[in-house]
Q: 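Before we start, here is the structure in question, set down as structure tokens.
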Amino acid sequence: MTYGTGSSGPPPLLVACALGIERLALRGGGPGDAAGPVTVLRTGMGPQAADHAVTEALREVAMREAAVVATGFCAGLAPGMHPGDLVVADETRDREGSTECSGVELLAKELARAVPRRVIHTGPLVGSDHVVRGAERAALHAAGALAVDMESAATLRSAVRAGPRPVAAVRVVVDAPEHELVRIGTLRGGISAFRVLRTVLPAFIEWHRSLLLPRR
């Protein structure tokens with residue numbers, strides 16, 4: 001799904017998610033007044049699928065300078081988190097290393113404007129190749145991570161490997177230590193997370209636009 005036309009002008013924005021339900025939510029957000037073309041890419045689940053899909057997307061001539069945002073649902077790791085909370089990563093981590101995110105404060109500010117009644121957390125987002133629960137979730141939090149998902153770390157690592165560009169990761173908490181889900185979309189927490197994800201695309205566009213402005 002691509003918004004905007006043409007390959008000239010400002011660099012495009014690539015928004016990567018794993019699941020069809022995440023892509024559906026982002027489609028509902030609309031493109032807004034984008035600085036350049038906006039593409040929403042469904043990568044498939046897991047780090048290998050994300051790596052492959054993002055690498056292939058950025059090989060296209062029109063996408064070679066694209067900014068990249070990894071988004072979708074995540075599992076919160078910190079006590080007190082609730083479904084529908086937002087996580088803005090300052091870095092993503094996994095076994096392959098870490099990737100620093102761009103314009104973190106700016107992105108958090110734009111999300112606060114777009115979703116004024118939601119809690120926004122900022123901190124490390126860790127990658128996993130499987131669903132994390134129970135004691136493993138607590139161990140990741142003890143190691144400093146704020147939330148976990150399966151694609152963000154691989155997405156951002158693939159993006160910067162393809163060339164220098166702004167990268168970011170924003171996830172919506174679909175479950176948390178006190179609010180674990182079995183299936184996304186069947187319980188209240190999943191519905192709440194879906195509704196929040198529908199609102200975030202305009203904030204990504206404003207983040208992208210602001211990064212393109214000349215610095216004074």
Side-chain angles (χ1 to χ4, degrees), residues 11-19 22-23 25-26 35-60 62-77 86-111 120-132 140 143-174 197 200-201 203-212:
L13 173 62
L14 178 66
V15 179
C17 62
L19 303 176
E22 294 168 337
R23 187 172 183 268
L26 292 162
V38 180
T39 297
V40 178
L41 173 70
R42 179 184 174 185
T43 65
M45 288 183 64
Q48 291 183 339
D51 186 350
H52 176 75
V54 172
T55 298
E56 290 300 309
L58 295 178
R59 283 178 177 162
E60 298 182 16
M63 299 298 291
R64 285 180 181 171
E65 297 182 355
V68 175
V69 177
T71 195
F73 303 126
C74 72
L77 300 175
L86 284 153
V87 175
V88 180
D90 56 10
E91 66 173 355
T92 57
R93 305 173 180 170
D94 64 7
R95 294 178 181 177
E96 302 297 322
S98 64
T99 304
E100 184 178 352
C101 296
S102 313
V104 175
E105 292 183 5
L106 171 64
L107 184 50
K109 179 180 177 181
E110 293 298 340
L111 286 164
I120 298 174
H121 308 268
T122 302
L125 178 61
V126 68
S128 175
D129 61 2
H130 59 277
V131 176
V132 174
L140 290 173
L146 191 61
V148 59
D149 75 90
M150 292 196 287
E151 297 83 26
S152 291
T155 294
L156 268 54
R157 183 171 58 254
S158 301
V160 298
R161 185 179 62 218
R165 69 191 71 246
V167 294
V170 174
R171 290 280 172 166
V172 182
V173 174
V174 73
L197 191 60
V200 299
L201 189 58
F204 298 167
I205 290 169
E206 287 302 316
W207 168 83
H208 183 226
R209 186 204 313 278
S210 296
L211 292 179
L212 294 176

Q: Taking only residues two or more places apart in sequence, or in another chain, which ones meet Arg165 in a side-chain contact (heavy atoms from CB on, under 4.5 Å)?
A: Leu58, Ala66, Val68, Ala159, Ala162, Val167

Q: Over all heavy atoms of both residues, which pair between Met63 and Pro12 is shortest? Give the atoms and the distance, please.
A: SD-CG, 3.8 Å

Q: Please enumerate all residues that pass side chain to side chain donor-acceptor pair (under 3.5 Å) together with Arg157, with sequence neighbours excluded.
A: Asp94

Q: Heavy-atom distance under 4.5 Å between the side chains of Val38 and Leu201, does that happen here?
A: yes

Q: For Ala70 and Leu156, which heavy atoms make the closest approach, and how far apart are they?
A: CB-CD1, 3.7 Å

Q: Test: salt bridge (Lys or Arg N to Asp or Glu O under 4.0 Å). Region: residues 97-107. Which pairs qualify, not counting sequence neighbours?
A: none

Q: So which pairs with a foot in residues 62-73 pass side chain to side chain donor-acceptor pair (under 3.5 Å), sequence neighbours left out?
A: none

Q: Tell me, which pairs form a salt bridge (Lys or Arg N to Asp or Glu O under 4.0 Å) where one or both residues lie in residues 145-156, sequence neighbours left out?
A: Asp149-Arg171, Glu151-Arg171

Q: Taking all heavy atoms of Leu26 and all of Leu197, pick out the closest pair and write down the distance.
A: CD2-O, 4.0 Å

Q: Once side-chain contact (heavy atoms from CB on, under 4.5 Å) is applied, do any residues pair with Ala89, and if so which ones, sequence neighbours excluded?
A: Thr92, Cys101, Leu125, Ala169

Q: Under the rule for side chain to side chain donor-acceptor pair (under 3.5 Å), what residues qualify as partners of Ser102, not counting sequence neighbours?
A: none

Q: Show, in sequence, the C-alpha distance, side-chain angles and deciding distance for Leu86 and Val200, and conclude whether the side-chain contact (heavy atoms from CB on, under 4.5 Å) test is met.
A: CA-CA 10 Å; Leu86 284 153; Val200 299; 4.0 Å; yes

Q: Just jot down the side-chain contact (heavy atoms from CB on, under 4.5 Å) partners of Ala145, sequence neighbours excluded, or say none.
A: Leu77, Val126

Q: Output all residues satisfying side chain to side chain donor-acceptor pair (under 3.5 Å) with Gln48, sequence neighbours left out; order by chain, then residue number.
A: none

Q: Give, for atom CD of Glu110 and atom CD of Glu206, the distance between the pair rounded to the nearest 0.5 Å.
A: 5.0 Å

Q: For Arg93, which residues count as a salt bridge (Lys or Arg N to Asp or Glu O under 4.0 Å) partner, sequence neighbours excluded?
A: Glu91

Q: Would you list the pairs meeting salt bridge (Lys or Arg N to Asp or Glu O under 4.0 Å) in which at least one residue belongs to residues 44-57, sequence neighbours left out?
A: Asp51-Arg161, Glu56-Arg59

Q: Between Ser128 and Met150, is there a donor-acceptor pair closer than 3.5 Å when you use the side chain of the first and the backbone of the second?
A: no

Q: By side-chain contact (heavy atoms from CB on, under 4.5 Å), which residues pair with Ala67, not counting sequence neighbours?
A: Leu13, Pro166, Trp207, His208

Q: Quick one: closest heavy-atom pair of Val87 and Ala147, and the distance?
A: CG2-CB, 4.0 Å

Q: Using every non-hydrogen atom in the two residues, find where Asp90 and Val104 come nearest and quote the distance to one decimal.
A: CA-CG2, 3.8 Å

Q: Indicate yes or no: at least one non-hydrogen side-chain atom of Val173 is less than 4.5 angstrom from one of Cys74.
A: yes

